[in-house]
Every structure is written in C-alpha cells, then in structure tokens.
Amino acid sequence: MEYSSKAIEAKWQEYWAKNRSFEPSEDFTKEKKYILSMFPFPSGRLHMGHVRNYTLSDAFARYYRQQGFNVLHPIGFDSFGMPAENAAIKNGSHPKGWTYDNIDYMKGEFKTLGFSFSKERELATSDELYTKFEQGFIIDMYEKGLLYRKKGFLNWCPHDQTVLANEQVVDGCCWRCDTPIVKKDMNQYYFKITQYGDELLDDLKKLEGGWPKQVLTMQENWIGKSNGLAFDLAFDEASLEKLNNKFKSFDVFTTRPDTIYGVSYTALAPEHEIVSYMIENNLLDKEVVIKINEMKNASSIDRQKEKSGVPLNLHVIHPLTKKSVPVWVANFVLMDYGSGAVMAVPAHDERDFDFAKKYDLPINAVIKPFEGEANCDKAYTEIGELFNSESFNTLNSKDAQSKIIEYFEEKKIGKKTTNYKLKDWGVSRQRYWGAPIPFVHCNDCGIVMEKKENLPVALPHDVLINGEGNPLENHTTWKHCKCPSCGKDAIRETDTMDTFVESSWYFLRFCASPKNWENEAFSAEQIKYWMHQNGHEGVDHYIGGIEHAILHLLYARFFTKVFRDLGYLDFDEPFERLLTQGMVLKDGAKMSKSKGNTVDPDALIEKYGADTARLFILFAAPPTQELEWNDSAVEGAYRFIKRFYERSSNIYKTDTIPAIVHSSLSKEEKFARKKVYEALVRANDVYGEKYTFNTMIAGVMEAMNALNLQANSDVWSEAYWILTSIMEPVIPHTCWEISSKYFSLNNLRVQKVIEEVFVEDTITLGVSINGKRRCEIEVASDESDENIISIAKESASKWLEGKNIIKEIVVPKKLVNLVIKD
RNA sequence: GCGGAUGUGGUGAAAUUGGUAUACACGCCAGACUUAGGAUCUGGUGUCGCAAGACGUGGAAGUUCGAGUCUUCUCAUCCGCACCA
C-alpha cells in the first residue's frame, strides 16, 4: 500500500476527462452553483497565486457537486494584452502563436493539478468568436451613447507605447511596467462609466456581507462622490477687455459653500482653456508662460512636491460681496476634477492656505470654532459658526451650506452639484494584440460602425511588431476598407480595446452551451438559470486577488448594468459573493522572478503531487490571509496524505456506511467517532461563510490521531467513509482512489451528522478560584450543579483552606468558578 | 494626512464569539526500529523556577465572578487612497 502520487493522480485525471465528470448538466430544474475564479492571463506558466486561487474555487466546486448541486465551474484565458507583443519584440514570436502555445501548456497544468473545470466551456478571449460578440456589444453601446470619442489629455506610457485608463495608473506609473506616465493630448474612445456613477456607488450596499469590506471601501473612494455648489465667477471689465470678450466667466465647484465669504483669490489649472487661450494669443509675459509650461510638464509626482503658481492679472467679481478677486494659475488645481478651477479660501483650506502664505495673499477667516476664537495661524477646516458673512452670520456650517446653496439657486447664479472622482473609462490602445474597435472613418460619413453581419473585424496575421508605433496603423493594407454606409474608400479604426473589456463580460459567456457559441454570446435561458437562485443574483462564489478590487471588478459591474439596460440581462450585480485571497509569500516577500523567491508549481507536483500542493495551500493559512511558503510544511502535508492513504488498510469494502451501535464501543472508539463527526460538522461550516479550510483540515487530522488510538474496523471504515468525503474537495485524487477501492465511490456525497456520538457519559470541568484555573474534575454529564460544586470544592480544597467562598458559578459543560475572600 | 486591517509559542496558526489560552501542523529535543536515515513509530516541547508556584495573547487602564475576545487610550506593522476643491 505504498502511496504513489503520480500513478494515482494520472489515473483519476484520465478518468475524469473520459467521463466528462465536471461538465455542468443542462437539467435546469436542479439547484445550481456558479463557482468562478478570476481567469488568468496566459503568461506561460501558472504561478502559486493561480494555484491558490484555483485550489479554492475547485474545493468549492467539488463540495457543491457532492451536495448534489449542478455546478458550473468554468475557466478561460484573458488572452489579449501587451505581454504577447513584448514577447514578439523580444523573441520574434507571433503574439498569436505565443499566446496559444502558452494556453496549451497552462491547460496541461490545470489537468495535473486536478482542477475540476468544465473542459467544454474553456475559452480564450482572443478567439475570433469572442471578439465577434464583443464588437457587437461595442456597437450597441456606441448607439446608446455609452461609448464616445473625444480628444483629451491622456495617460501615456512611453514604454508600452499606449494610453492607459486612470485606474491603470498607479502612483503616477504604468500598472504593468512601472514606467512613469506622461500626459499626451490625443483622440480616444471612452465608455461613459460616469453615467452609472451613482448606481455603482449605491449598489455597493447590495454587496455588503457578500464582498470584503475593504473592496467596497476602495470602490466607494474611487467613485468619490461629493456634493456641493457650482457657480460662475464673472470677469471684471478690464479682464473682459483683456480676453477680447472671448470668456465672460468660468465655473468653479466647492463642497464648502459656507466659506464663500472667505474667498481671497481663485485659481485655474495650468491646462485650463482660458490659460491656453492667453498663451496662444500672447496675452501673458514670457516668464509667466514658461512657468505655466513647467507646471504642465511636471510629472504628477513632482507636481505634488511644492505648490506654485503665477497671477494672470485677471480679476473676477465675488458673486455675493461684489469685491474684486484675483485669478491665479496654480499647480495644485487639477484639470480633470470638477471644472479645473477653484475658489480659494485660505483661512479654511490647507492647500489654499499654503499657497496664500507663499504668495502673500489675504487670509480672511469667516468660520470660527463653536467654542473659542478664530485663529489665522493655520487653516481651520472644521465646521463652525459663520462670521463676516453678511446675512449668514451666526449660522453653523451645515445650515449655512444649504442656505447658501438655496440662495444661489434662487438668484440663479449657482447650482447644487454632485461631482465624482470617477472619470470615463478610456479604452483605446495603440497596440496590435487586442480586439479591434469595429469602426470605420469615412471622409463623408464620419465615424461609421461596422455592420454586425461583418463581425468580427479580425486582426491581420501578417504584422511587423517592433515596438515602434501601432502595428495596425503601420500595416499596408488592413486599415483600408469601404465605408459600411456609403461604400466609398475609408479607413478602419486602428486602435484596439483595453483588455479589461474582455474580462468585463466573460462570466456571461460561460452561460451558453458551447454548441451554440457560434450563434449567441450567451443564452437568456442559461443566464436566467446560472445567474439567479432563490432571489439571489450573480455568480455564487467569485474568487480572486485583491489587486482587482477596483479595475476589473468596477468594469464588470459597469458592463452588467449596461447589458441590463440594453435588455440582455435582468439583474444589477454580477458577483454575489467575492472571496479575495491573500498573496503567496516566500521569505516574507511576494514571490517574484526578480527576487528569485518563486516556487514552481510543476516542480512541486513532480516531487509530491497535486494533492500535496493543494493540501498545503489550504492548510497553511485561511484564504484571505497571506500565505507564507514553507518547504518543510509542504513535506508535512505530503506525510499526512501518505499516512491517510496507507492507513486505509484498516478499513473494509462496503457500499454503505457501516452501522455502529455507539453504546457498545470502548472509550477510545467513542472518542474516535466523536472526532470524525466533529470534523464533519466543521467541514459543513466552511463553505457557507467562514472559508476556514485550515481548521477543517485540522479537524480531520485530529480525527486521524484519535482513530490511531483504537483498532475497531467498523469505526475505521465509517471514519474513512466520511473523511474521504470531507477531504475530496482538498485532495481529490487520493480520496477518489480510496473511495473507489473500498466504497465504489458511493460515499462522495452528503454525509449525515449523528448526534449521539456527541453525547458523553462524563465531562471534564475546569475549576478556577477567582478566575484562575487551579485543577479539573470529572463528573457525570448530567450531574447537578450542587454536586458539581461540592466535588469542585473537595478537589480544590488546597486553595480554599481558611478562606470564605462568597460566590459559586457553574458554567455548563465548561467550568466551575469559586470566588473567595480571606 | 485620511480610511481599513492585523498584532497570540522558535514558525504557520486555533480558540464553539465573555468561560480550562496556544487545537492542528512545522521546527526542535529524547527514545525505538534500522548497516544507514532528510524514512517510519513513540514521547516531550509557552516563559521563569530544583520545586511549590509565579508569569503569560504588542503596551497601559477599565467593565466583569471571569477578558485573546467588550470599552478607552497608546505603540507597532501592513494595505488602500491621497493637492478630488
């Protein structure tokens, strides 16, 4: 009975493949579970983060199959993207060949890890069939005005030679290659995600409980809703003249209208159109222009270092006091938030204060603390009581805010406004390996959508990828086409889509039978089934890394709402429960090639087998915590499996669970049974809410330790009937092997908990004196409190001598506490 | 700066939610079997102490018969956001 991971694992992997064991049933009357892991980018090999991710989802999928659910547990590859092109530049490979070779290899790895994915629903998002439907949705969205093209200042990564969405810029650098981004002015397509800002924010409430709090907070902050007042600041006569009457005013936004009487200057972003106009028309001194250009060109990190600005020698009229207020350009004013202009109240805003100090601008306090006096040594940013504010004096900040907004609205000089940090999602990428945006530029008709029957607009195979420019733009023939509307010569759009578009709807694609994939993106009937259950909506368990807390998860939520409004779906949120797994660390740091602290899954499987890898991963830490890799603990996992396998020699063949008369057992046998059923209870707790596989496995180990203390083959056999069922989601190969050998696979299903094994004749109670544990006593489980106390007193007599007992507490089945006094 | 999380043996971690702190595992120590052991099995292992015992969940205080768990303050580490007007 030597344990051989290789022979056992290969055998069952073949068996599962041959028997289509993990294909979902199309019997839609059964209860279902949709278990989904975030699909991988086919970079070449799986890393430990993937293994952890898929081990978790696989455990869920296998558990629910045992429980009799119809389980959809699909996988695919997020296969467009820049690494394929970077590899092309480096090795001369073709992105497509490189991608699909990697996919083949990684599919092999899935198999050797025993993951119970549906093979038949596997897909790659670079498949033309996938692009075809995606481009169809893009056209729908364009028609609805949810996709538009405009010129703007974009985040440009000089290394990847492409633009990035705001979400994809991390600390001023490219999220993929860490190159500092620069701003570039160019045309690009945007999804109007801001139109869904409110709903994306409000619906976070529906996800409470199902999603980690942290992710909800991050999304909330990202959307960044703030309420306030927007109003116009009109130029004075001299300024109007200076601007050739081109601009009469500009718009500002404030969340603190209560501080409006404290305005002492206003500031425009260096990119503001009024500033640009003045530069273009030589209305500014040379030195001023140089300073403004410096501000514009500074990286976002440099720009944050120190506040700086220049006056424009323009003035606006304060809307309430009618006083003249100078207009400055300031580097801390951001063009892409609000209107790119601010009213500055140095007395009550730290940024405005710093700037005013530096340039010696007036600081006018208008809010004072409810207790105490106004103080101009630093900005007072708390709420308080208004003064120097004409008719609003003595109001508190909160009341003043609404009163002042009301006043502006009455006078029609301003409006209550909501602003969002969230910006529209820029989706153009100037690269080859992505889904082409299915539009055509026609001299006569403008931007024209490709006809749906002509989809997909597929990529040309013969491209030159050398890292210079956009390969589609440079291709000699591909971009030339006929206008779908007028038939004249036209040019194809050469931008491709951000790969986050593909991952925004892949979970819906799995809701279709592969035999219909040619004809439909997803099936209404299957969406209705897989994405709904008992009033709940969405994927039942979605498992992946926290690094997608904003990007992918926000985009997927947005697409779900758009698809709903396009009439394709009838629910609001795609993922009901989200489990974000922790990182895999080695030597205290995230595994990475550059640090040289990686563990190769293939080598691990070669040495110990997939079951060992899976067991270690689930045992070493709870899923949401970081997982510190430990080679000798892996060894320990291997030894446990080996023991578990070899001790099956204690059991006999049976097709039903052995019947045992509990009362006839010895103390050790009863104890072993109790431990086995305790493990079962723990196992059932894991999947609902707690996900604590580590304690479930500890329970099984405890049961094994208890079984070793006795030799009753009925008890052993019953135990294995249950334990192989509990452990099957974790170490499936070993469990199927044992189960097929002894139980004809009949035990891999719901197990019943028997209560009688938990009933004990005697119980052990701790005895504490003044809360300090002193000794323990063994009493009959139905002993009266009165007797328990007298037994406790007797056994603790040593500590009670000469003391008065003033209180006696019995905690049922736990302990006795005696409170004494000298 | 703002927001969130975490802090328990040499290590990864448990603790049925206010009731015997350290389950389970790794490591370590000792023993058995062995030509041998990086195999297997058995036993031990929070700290101090010869012992009785004392101390012990980052630190300080509080509530309680009783606190890892609740309250207040504080320290440390990690993560997210960050000139968002």
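A note on names: the letters A, B, ... follow the listed sequences, proteins ahead of strands, and every chain is numbered from 1. None of the values given here were measured: they were computed from a predicted structure.
Within a 6.0 Å sphere centred on CD of A/Glu646, other residues, nucleotides and ligands contribute more than 12 heavy atoms.
Formation of a donor-acceptor pair under 3.5 Å by the A/Asn419 side chain with backbone atoms of A/Ser226 is not found in this model. A donor-acceptor pair under 3.5 Å is formed between the side chain of A/His318 and the backbone N or O of A/Ile260. Side-chain N or O atoms of A/Thr417 include one that pairs as donor or acceptor with a backbone N or O of A/Lys415 at under 3.5 Å.
Comparing the same atom, C1', in B/rA32 and in B/rC24 gives a spacing of 25 Å after rounding to whole Å. Here the separation of B/rA15 from B/rC79, taken at their P atoms, is 26 Å to the nearest Å. Going from the C1' atom of B/rU47 to that of B/rG31 covers 26 Å, rounded to whole Å. Atom name P, nucleotides B/rU17 and B/rU63: the rounded distance is 26 Å, in whole Å. One P atom belongs to B/rA21, the other to B/rG53, and the distance between them is 16 Å to the nearest Å. Rounded to whole Å, the C1' atom of B/rA60 lies 10 Å from the corresponding atom of B/rC75. One P atom belongs to B/rA76, the other to B/rC65, and the distance between them is 35 Å to the nearest Å. Only the P atoms considered, B/rA85 is 15 Å distant from B/rG3, to the nearest whole Å.
Following rounding to the nearest Å, A/Asp258 (CG) and B/rA85 (P) show an atom-to-atom distance of 13 Å. Rounding to whole angstrom units, OH of residue A/Tyr638 and C1' of B/rU40 are separated by 13 Å. Going from atom CD1 of A/Ile546 over to atom P of B/rC81 covers 11 Å, rounded to whole Å. Rounded to an integer number of Å, the gap from A/Ile617 CD1 to B/rG12 P is 18 Å. Atom-to-atom, CG of A/Leu585 to C1' of B/rU77 comes out at 14 Å; the value is rounded to the nearest Å. To the nearest angstrom, P of B/rG80 lies 11 Å from CD of A/Glu547. Atom P of nucleotide B/rC79 and atom CE of A/Met218 are separated by 12 Å, given to the nearest angstrom. One can place OH of A/Tyr337 at 7 Å from C1' of B/rA85, the figure rounded to the nearest angstrom.
With sequence neighbours left out, the salt bridge (charged side-chain N to carboxylate O under 4.0 Å, His left out) criterion links A/Glu306 to A/Lys358. With sequence neighbours excluded, the residues satisfying side chain to side chain contact (heavy atoms under 4.5 Å, CB included) with A/Phe619 are A/Ile697, A/Ala698, A/Met701. Judged as a side chain to side chain donor-acceptor pair (under 3.5 Å), and not counting sequence neighbours, the contacts of A/Tyr420 are A/Asp198. Legend: residues meeting side chain to side chain donor-acceptor pair (under 3.5 Å) with A/Glu783, ordered by chain and number and at least two apart, are A/Asn787. For A/Trp328, there are no side chain to side chain donor-acceptor pair (under 3.5 Å) partners at least two apart in sequence or on another chain. Remark: A/Thr764 pairs with no residue by the side chain to side chain donor-acceptor pair (under 3.5 Å) rule, at least two apart or across chains. With sequence neighbours left out, A/Lys675 forms a salt bridge (charged side-chain N to carboxylate O under 4.0 Å, His left out) with A/Glu678, A/Glu702.
B/rU17: glycosidic angle within 90° of 0, hence syn. Here B/rG37 is in the anti range [glycosidic angle more than 90° from 0].
Between A/Gln625 and B/rA13 there is a side-chain N or O to OP1 or OP2 distance below 4.0 Å.
Nearest-nucleotide mapping onto RNA chain B: of A/Met335 and A/Lys213, the residue sitting toward the 5' end is A/Lys213. Projected onto RNA chain B by closest heavy-atom contact, A/Thr217 and A/Phe253 fall at different nucleotides, the more 5' of which corresponds to A/Thr217.
Salt-bridge formation is not detected for the pair A/Glu208/A/Lys213: no Lys NZ or Arg NE/NH1/NH2 atom is positioned less than 4.0 Å from an Asp or Glu carboxylate oxygen.
Stacking of A/Lys307 on the aromatic ring of A/Phe332 is recorded, both the 6.0 Å distance cut-off and the 45° axial limit being met.
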Contact letters for nucleotides 16-29 of chain B, in which S counts primed atoms plus P, OP1 and OP2 and B counts the base, heavy atoms under 4.0 Å: B--BB--BBSSS--
Dot-bracket notation for RNA chain B, counting Watson-Crick and G-U pairs under 3.5 Å, with | for partners on another strand: (((((((..(((......[....)))((((((.......))))))(((....)))..(((((..]....))))))))))))....
Strictly under 3.5 Å: I want the nitrogen or oxygen pairs between protein and nucleotides 51-56 of chain B, one per line.
| unit_1 | atom_1 | unit_2 | atom_2 | d |
| --- | --- | --- | --- | --- |
| B/rG53 | OP1 | A/Lys798 | NZ | 2.9 |
| B/rA54 | OP1 | A/Arg774 | NH2 | 3.3 |
| B/rA54 | OP2 | A/Arg774 | NH1 | 3.1 |
| B/rC55 | OP2 | A/Lys772 | NZ | 3.0 |

Mind listing the N/O atom pairs, protein and nucleotides 59-62 of chain B, below 3.5 Å?
none

Under 3.5 Å, which N/O atoms of the protein pair with N/O atoms of nucleotides 43-48 of chain B?
none

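The aromatic ring centres of A/Trp425 and A/Tyr190 sit 6.0 Å or more apart. Note: A/Tyr265 and A/Phe355 meet the aromatic proximity criterion, with ring centroids under 6.0 Å apart. In this structure, A/Phe353 has its ring center no closer than 6.0 Å to that of A/Tyr380.
Put simply, OG on A/Ser308 and CE on A/Met295 are 4.5 Å apart, with the number rounded to the nearest 0.5 Å.
Counting any heavy atom pair closer than 4.0 Å across all strands shown, A/Val345 reaches no nucleic acid atom. Among the heavy atoms of the strands, none lies under 4.0 Å from A/Glu350. Across all strands, A/Gln304 comes closer than 4.0 Å to base atoms (heavy-atom distances).
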From CA spacing to verdict: salt bridge (Lys or Arg N to Asp or Glu O under 4.0 Å), A/Glu808, A/Lys793: CA-CA 10 Å; A/Glu808 294 156 347; A/Lys793 279 180 187 165; 2.7 Å; yes
